[in-house]
Amino acid sequence: MLEHKENFELENEYEQIWDSIRYKKVDELYDFTEKIIKLLDNHIDDKLLFHSDYDKIQHLFKKMKQKNFFYMSGSAKDIIKSANPKFESVYEYKKCVRDLKYIGSGDRGFENDKIYQSTCFNGATYKVNVDGNERIMGSSYFERVS
């Protein structure tokens, strides 16, 4: 099986930067969760939380929500692009003619194990000609044949 991102080095580099940011986010959210658990452990036998601990927990949840929103939005990806202009064109479709074997479940208008030819690729999704119509499909549904 051939690698989908062959000749898409810019997309690979961009994805490595994005992954390092995402994993950092997971670590930060884990730290917030640990702080909340520690606060709750102090009240395991109590029926009510002390007001000050309740405020701390609410504050931690708000920080977690802000962190998560930042990474779920396009903000982090925009920062990567603005930090290095070479990433401005990342994930734009480029001409890419390849033979692809469909390995999905067959419920998207594609036939399982049938070979299709792509016209373009953007590092994540292919544009594929199916019976004269151009369709967009994620690379995970295909095995690259050539």
Side-chain angles (χ1 to χ4, degrees), residues 1-44 46 49 53-146:
M1 182 173 87
L2 299 171
E3 175 62 40
H4 288 287
K5 291 198 178 176
E6 181 184 327
N7 298 324
F8 282 80
E9 289 77 17
L10 185 67
E11 288 77 7
N12 279 334
E13 185 180 348
Y14 177 84
E15 198 168 286
Q16 288 172 344
I17 294 168
W18 173 235
D19 280 345
S20 68
I21 292 171
R22 277 195 302 199
Y23 294 131
K24 188 173 183 182
K25 175 200 82 162
V26 170
D27 292 342
E28 289 171 334
L29 293 178
Y30 178 80
D31 290 342
F32 286 134
T33 305
E34 286 297 306
K35 288 176 184 176
I36 291 168
I37 290 169
K38 191 174 180 180
L39 281 168
L40 290 173
D41 279 345
N42 294 335
H43 303 286
I44 205 139
D46 296 340
L49 285 173
D53 285 344
Y54 177 79
D55 288 342
K56 288 177 191 172
I57 290 170
Q58 290 289 36
H59 177 71
L60 288 168
F61 273 122
K62 284 179 186 174
K63 285 175 87 172
M64 288 171 73
K65 185 177 179 181
Q66 289 169 342
K67 291 275 183 195
N68 211 26
F69 176 76
F70 172 75
Y71 291 100
M72 288 173 65
S73 72
S75 300
K77 291 181 177 182
D78 289 341
I79 288 170
I80 294 171
K81 288 180 182 180
S82 64
N84 192 336
K86 77 177 184 180
F87 292 118
E88 265 312 306
S89 65
V90 76
Y91 293 119
E92 287 181 1
Y93 281 101
K94 298 177 218 153
K95 184 176 179 174
C96 180
V97 179
R98 293 177 174 166
D99 289 333
L100 306 167
K101 181 168 91 172
Y102 184 71
I103 57 172
S105 59
D107 62 347
R108 300 178 188 270
F110 290 89
E111 293 177 39
N112 209 18
D113 292 328
K114 185 175 176 182
I115 305 293
Y116 295 91
Q117 193 171 65
S118 67
T119 57
C120 299
F121 185 56
N122 72 352
T125 58
Y126 284 102
K127 287 186 179 181
V128 180
N129 190 344
V130 180
D131 300 326
N133 297 317
E134 198 167 60
R135 304 263 319 272
I136 296 174
M137 181 64 69
S139 61
S140 61
Y141 291 96
F142 294 102
E143 185 177 287
R144 186 173 160 209
V145 180
S146 68

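If you read the sequence from its start, that first residue is 1, and numbering goes on from there. Please read these numbers as outputs of a predicted model, since none were measured by experiment.
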### Task
Would you please name every residue forming a side chain to side chain contact (heavy atoms under 4.5 Å, CB included) with Ile115, sequence neighbours left out?
Asp99, Lys101, Val145
### Query
With sequence neighbours excluded, what pairs up with Tyr141 under the ring pair (Phe, Tyr, Trp, His ring centres under 6.0 Å) test?
none
### Task
Could I get the full list of ring pair (Phe, Tyr, Trp, His ring centres under 6.0 Å) partners for Phe32, not counting sequence neighbours?
none
### Task
Considering non-hydrogen atoms only, spot the tightest contact between Ser118 and Cys96 and give its length.
OG-O, 2.6 Å
#### Entry: Lys94: side chain to side chain contact (heavy atoms under 4.5 Å, CB included) partners, not counting sequence neighbours
Phe8, Glu11
### Message
Can you confirm whether Tyr93 is buried at OH, in the sense that more than 12 heavy atoms of other residues, nucleotides or ligands lie under 6.0 Å from that atom?
### Response
yes
### Query
Parallel, tilted or perpendicular: which describes the rings of Tyr116 and Phe142, with under 30° parallel and over 60° perpendicular?
perpendicular
### Message
Under the rule for side chain to side chain contact (heavy atoms under 4.5 Å, CB included), what residues qualify as partners of Glu92, not counting sequence neighbours?
### Response
Ser89
### Query
Between Asn84 and Phe87, is there a donor-acceptor pair closer than 3.5 Å when you use the side chain of the first and the backbone of the second?
no
### Query
Is Arg98 close enough and on-axis enough to Tyr126, meaning under 6.0 Å and within 45°, for cation-pi?
no
### Test side chain to side chain donor-acceptor pair (under 3.5 Å) applied to Ser139 - qualifying residues, sequence neighbours left out
none
### Task
Working to the nearest 0.5 Å, report the span between OH of Tyr14 and CD1 of Ile80.
4.5 Å
### Task
State, with a plain yes or no, whether a side-chain heavy atom of Val97 is found less than 4.5 Å away from one of Gln117.
yes
#### Entry: Gap between atom CD1 of Ile36 and atom NE2 of His59 - 0.5 Å precision
10.5 Å
### Task
Using salt bridge (charged side-chain N to carboxylate O under 4.0 Å, His left out) as the criterion, list what pairs up with Lys86, not counting sequence neighbours.
Glu13
### Summary
Sorted by chain and residue number, the salt bridge (charged side-chain N to carboxylate O under 4.0 Å, His left out) partners of Glu34 (sequence neighbours excluded) come out as none
## Note on the structure
On a heavy-atom basis, the closest approach of Glu6 and Arg144 is OE1-NH1, 3.2 Å
#### Entry: Set of residues satisfying side chain to side chain contact (heavy atoms under 4.5 Å, CB included) with respect to Ser140, sequence neighbours excluded
none
### Message
Under the salt bridge (charged side-chain N to carboxylate O under 4.0 Å, His left out) definition, can you give me all pairs with a residue in residues 124-135, not counting sequence neighbours?
### Response
none
#### Entry: Interatomic spacing from NZ in Lys5 to CG in Leu10 - rounded to 0.5 Å
10.5 Å
### Query
NZ/Lys81 to CD1/Ile17 distance, rounded to the nearest 0.5 angstrom?
12.0 Å
#### Entry: Any residue meeting side chain to side chain donor-acceptor pair (under 3.5 Å) with Tyr91, in chain and number order, not counting sequence neighbours
Glu15
### Query
So do the side chains of Tyr102 and Val130 get within less than 4.5 Å of each other, counting heavy atoms only?
no
